[in-house]
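For reference, the structure discussed in these notes is given below.
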Amino acid sequence: MELHLYNTLTRRKELFRPIRDGEVRMYHCGPTVYQRPHIGNYRAFLFADLLRRVLELADLKVTQIMNLTDVGHLVDDAEEGDDKLEAQARKDKLDPWQIVETVTEQFFIDMEALNVKRADAYPRATDHIPEMVAMVETLIDKQHAYRVGDNVYFDVHSFPAYGRLSGNRIEDLEAGARLEVNDEKKHPADFALWKSDEHHLMKWDTVFGPHGFPGWHIECSAMSRKFLGDHFDIHTGGEDNVFPHHECEIAQSESVLNGPFVNLWMHTKFLQVDGGKMGKSLGNAYTLDDLSERGYSALDYRFLMMRGSYRTSLNFTWEALKGAAEARRNLNDFRSRLLGESGAEGGVALDAIAADSAVAKARQAFRDALADDLNTSESLAALFMLRNAYVHGKLSASEYPAALTLLDEADGVFGFLDAVESGGLSDQEVDQLIQERGEARAAKDFARADTIRDKLSAANITLEDTPDGVKWFRG
RNA sequence: GCCGGCAUAGCCAAGUGGUAAGGCAACGGAUUGCAAAUCCGUCACCCCCAGUUCGAGUCUGGGUGCCGGCUCCA
């Protein structure tokens with residue numbers, strides 16, 4: 001399975017070739033844990049999960065790292081504003097370390113609800129101060145950075161490729177930026193590697209002075225290097241990370257390493273709400289709880305995200321979420337119906353089935369679409385077409401086990417199917433109850449018939465009264 | 001203001017030169033003790049204007065709108 005993935009750096013789709021055969025190392029910019037992430041934040045993390053699962057589908061061994069930013073991410077501009085965490089701490093009159101714990105815990109609860117696979121590690125910035133300091137020292141030694149008092153800045157003119165990722169030119173940045181209030185930098189576009197502020201709550205005593213804390217960008221450079229090595233395959237983030245964050249990471253890391261840092265940069269477009277921007281001040285920055293209050297599960301949201309391209313901004317509306325929830329239910333039912341057919345057990349070797357069978361064709365379409373820069377929309381369409389073939393009776397019973405296996409394979413990527421619950425009744429018991437209900441109905445004892453139906457329903461059994469008799473499945 | 005991206009039916013969305021995937025909703029019908037579910041059928045000239053081409057949603061130019069970066073944000 002050959003994957004073609006879009007690289008922000010080269011602005012085109014490229015054939016993906018791992019640095020080490022059969023192995024992929026990737027790093028994701030994770031949340032800044034100062035308040036609970038909203039559903040827009042989770043779009044980027046769901047993308048990271050999708051990417052990991054597709055790489056695994058392509059038989060690659062994935063090492064996946066997602067950082068937690070718990071210091072240094074400033075509210076205002078990178079040099080003068082408050083630290084996001086500290087600002088929240090002051091607002092809530094809480095210790096910033098306490099906020100980190102609370103939000104991190106909530107983050108993992110949300111991620112689990114979204115059926116996101118655990119990364120290999122979630123390093124925290126505050127646990128890697130020594131690595132960052134070492135890197136900053138190297139940058140100073142190599143004259144890519146300079147000290148002004150207890151502060152350290154990166155000299156963007158020392159790195160000729162600065163601006164390549166984002167398409168920005170240093171001159172334009174200077175021209176476009178608002179008035180620069182920090183006059184201790186040599187150039188306005190220079191960015192902070194290390195800052196000092198005695199009023200900061202989270203601060204460290206280092207070679208640079210007693211009250212220091214790291215710049216936001218150096219955190220990811222230091223942590224990705226520690227966990228993935230100097231040169232690794234993929235780095236992802238939201239589109240807002242392209243500049244300045246990732247641009248700065250490249251400058252720092254490549255200046256330290258004298259070599260390539262990341263081969264493939266991938267970025268998720270933002271989620272919009274009702275055609276416009278999502279923001280806390282607009283009151284439309286929903287959390288998973290907001291969705292839950294309206295009766296939607298985290299998996300419904302996950303499925304909605306899977307229906308669109310990660311490279312196009314996706315418009316969140318309640319109607320769209322409802323549509324996704326219904327569509328997801330239909331695929332769930334498809335699986336349930338296949339399971340309900342006698343003999344459909346799954347576990348079929350899909351590579352071995354006849355290439356001209358409906359299932360093989362669907363599988364090919366499903367995989368080809370994903371291999372084309374994660375075209376989930378088209379990939380899911382292949383599954384719905386298989387469902388249509390089944391509904392229209394164009395799928396022979398002998399193909400059901402393979403169809404079921406394909407659904408399982410697809411669920412391995414999309415992660416949207418509900419767990420099948422036995423409901424505590426065996427097939428024999430269900431058949432027995434359905435027969436009793438049939439007798440009740442024949443005798444026009446509808447009260448009894450409905451009681452039985454309710455009992456089955458409570459055990460997660462769905463009944464359908466069709467012209468061909470009663471059908472049932474679990475789910 | 002400067003730089004970049006996007007614009008497809010009521011909603012979400014795929015599609016990069018050859019005559020509009022898929023899903024949801026809606027509508028008509030079938031079935032039904034009721035309800036649900038299910039089944040059959042219907043449903044787009046692709047933001048506007050101009051151009052290139054035998055042929056354009058797909059390319060070019062100009063508008064308009066939205067989004068992103070320059071400024072905290074996935």
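Predicted, not measured: the structure shown is a model, and the values here were computed from it. Below, chains carry the letters A, B, ... as their sequence lines are ordered, and counting in each starts from 1.
Closest to the side chain of Ser377(A), out of C12(B), G33(B), A21(B), is A21(B). Closest contact between the side chain of Thr32(A) and the listed nucleotides C34(B), C67(B), A74(B) involves A74(B). Side chain of Arg453(A), nearest nucleotide from G5(B), G68(B), G33(B): G33(B). Checking G22(B), G15(B), G33(B) against every side-chain atom of Asn375(A), the shortest atom distance belongs to G15(B). Among A74(B), G23(B), G33(B), the nucleotide with an atom closest to any side-chain atom of Asn41(A) is A74(B). Candidate nucleotides A21(B), U38(B), C24(B) were compared by shortest atom distance to the side chain of Glu464(A), and U38(B) ranks first.
When the P atom is used for both A14(B) and C3(B), the distance is 28 Å, rounded to whole Å. Annotation: C11(B) and A7(B) have their C1' atoms spaced 16 Å apart (nearest Å). If you take atom C1' in A21(B) and the same atom in C48(B), they sit 26 Å apart, rounded to whole Å. Spacing between C59(B) and G65(B) at atom P, rounded to whole Å, works out to 22 Å. Nucleotides A26(B) and A9(B), compared at atom C1', are 12 Å apart to the nearest Å. Comparing the P positions of G57(B) and G4(B) gives a spacing of 27 Å, expressed to the nearest Å.
No side-chain heavy atom of Tyr34(A) sits under 4.5 Å from any side-chain heavy atom of Val103(A). At a threshold of 4.5 Å between non-hydrogen side-chain atoms, the residues Glu378(A) and Asp372(A) do not count as touching.
For Lys277(A), a side-chain nitrogen or oxygen approaches OP1 or OP2 of G68(B) to under 4.0 Å. Between His392(A) and C40(B), a side-chain N or O to OP1/OP2 separation shorter than 4.0 Å is present. Within the structure, a side-chain polar atom (N or O) of Asn315(A) is placed less than 4.0 Å from OP1 or OP2 of C12(B).
With a 3.5 Å ceiling on both atom-pair distances, A44(B) lacks any Watson-Crick or G-U wobble partner. Base pairing annotation: C2(B) forms a Watson-Crick or G-U wobble pair with G69(B), both donor-acceptor distances under 3.5 Å. Searching all strands for a Watson-Crick or G-U wobble partner of A7(B) with both distances below 3.5 Å returns U64(B). In this structure G51(B) sits in a base pair with C59(B), meeting the Watson-Crick or G-U test at under 3.5 Å.
By the 5.5 Å and 30° criteria, Phe243(A) is not stacked with the base of G69(B).
Within the 4.0 angstrom heavy-atom criterion, only backbone atoms of the sugar-phosphate kind lie near Ser313(A); the bases stay farther away. If you check every strand for non-hydrogen atoms under 4.0 Å, Ser309(A) touches sugar and phosphate atoms only. The residue Phe384(A) sits close only to the backbone: its heavy atoms come under 4.0 Å of sugar-phosphate atoms, none of a base. Residue Pro244(A) is in sugar-phosphate contact alone, with no base atom involved, counting any heavy-atom pair closer than 4.0 Å across all strands shown. Within the nucleic acid shown, Gly275(A) comes within 4.0 Å of sugar-phosphate atoms alone, with no base atom in reach, counting heavy atoms only. Residue contacts shown for Arg311(A) are absent, as no nucleic acid heavy atom lies under 4.0 Å away. Residue-level contact check: Thr317(A) touches the backbone only, with heavy atoms under 4.0 Å from sugar-phosphate atoms and none from bases. Heavy atoms of Asn388(A) sit under 4.0 angstrom from primed sugar atoms or phosphate atoms, though from no base atom. Residue Ala44(A) is in sugar-phosphate contact alone, with no base atom involved, counting any heavy-atom pair closer than 4.0 Å across all strands shown. Residue-level contact check: Arg328(A) touches neither bases nor backbone, having no heavy atom under 4.0 Å from any strand. Residue Leu463(A) is in base contact, counting any heavy-atom pair closer than 4.0 Å across all strands shown. Looking at heavy-atom distances under 4.0 Å, Met305(A) makes no contact with the nucleic acid at all.
Residue whose closest nucleotide on RNA chain B sits further toward the 5' end, between Leu314(A) and Asn168(A): Leu314(A). Remark on RNA chain B: of its neighbouring residues Glu239(A) and Ala327(A), the 5'-side contact belongs to Ala327(A), judged by nearest-heavy-atom nucleotide.
Looking only at atom types and distance, the side chain of His28(A) has a donor-acceptor partner in the side chain of Gln64(A) under 3.5 Å away.
The residues Glu464(A) and Arg337(A) are annotated as salt-bridged, a charged nitrogen and a carboxylate oxygen being separated by less than 4.0 angstrom. Under the 4.0 Å criterion applied to side-chain N and carboxylate O atoms, Glu101(A) and Arg124(A) are assigned as salt-bridge partners. Under a 4.0 Å N-O distance rule, the pair Asp49(A)/Arg52(A) does not qualify as a salt bridge. With respect to the salt-bridge test (charged N to carboxylate O, under 4.0 angstrom), the residues Asp454(A) and Arg437(A) do not qualify.
Residue Asn241(A) places no side-chain atom within donor-acceptor reach of the base of G68(B), judged by atom type and a 3.5 Å distance cut-off alone.
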Please step through ring pair (Phe, Tyr, Trp, His ring centres under 6.0 Å) for the pair Tyr27(A) and His235(A), ending with a clear verdict.
CA-CA 5 Å; Tyr27(A) 185 91; His235(A) 193 133; 4.9 Å; yes
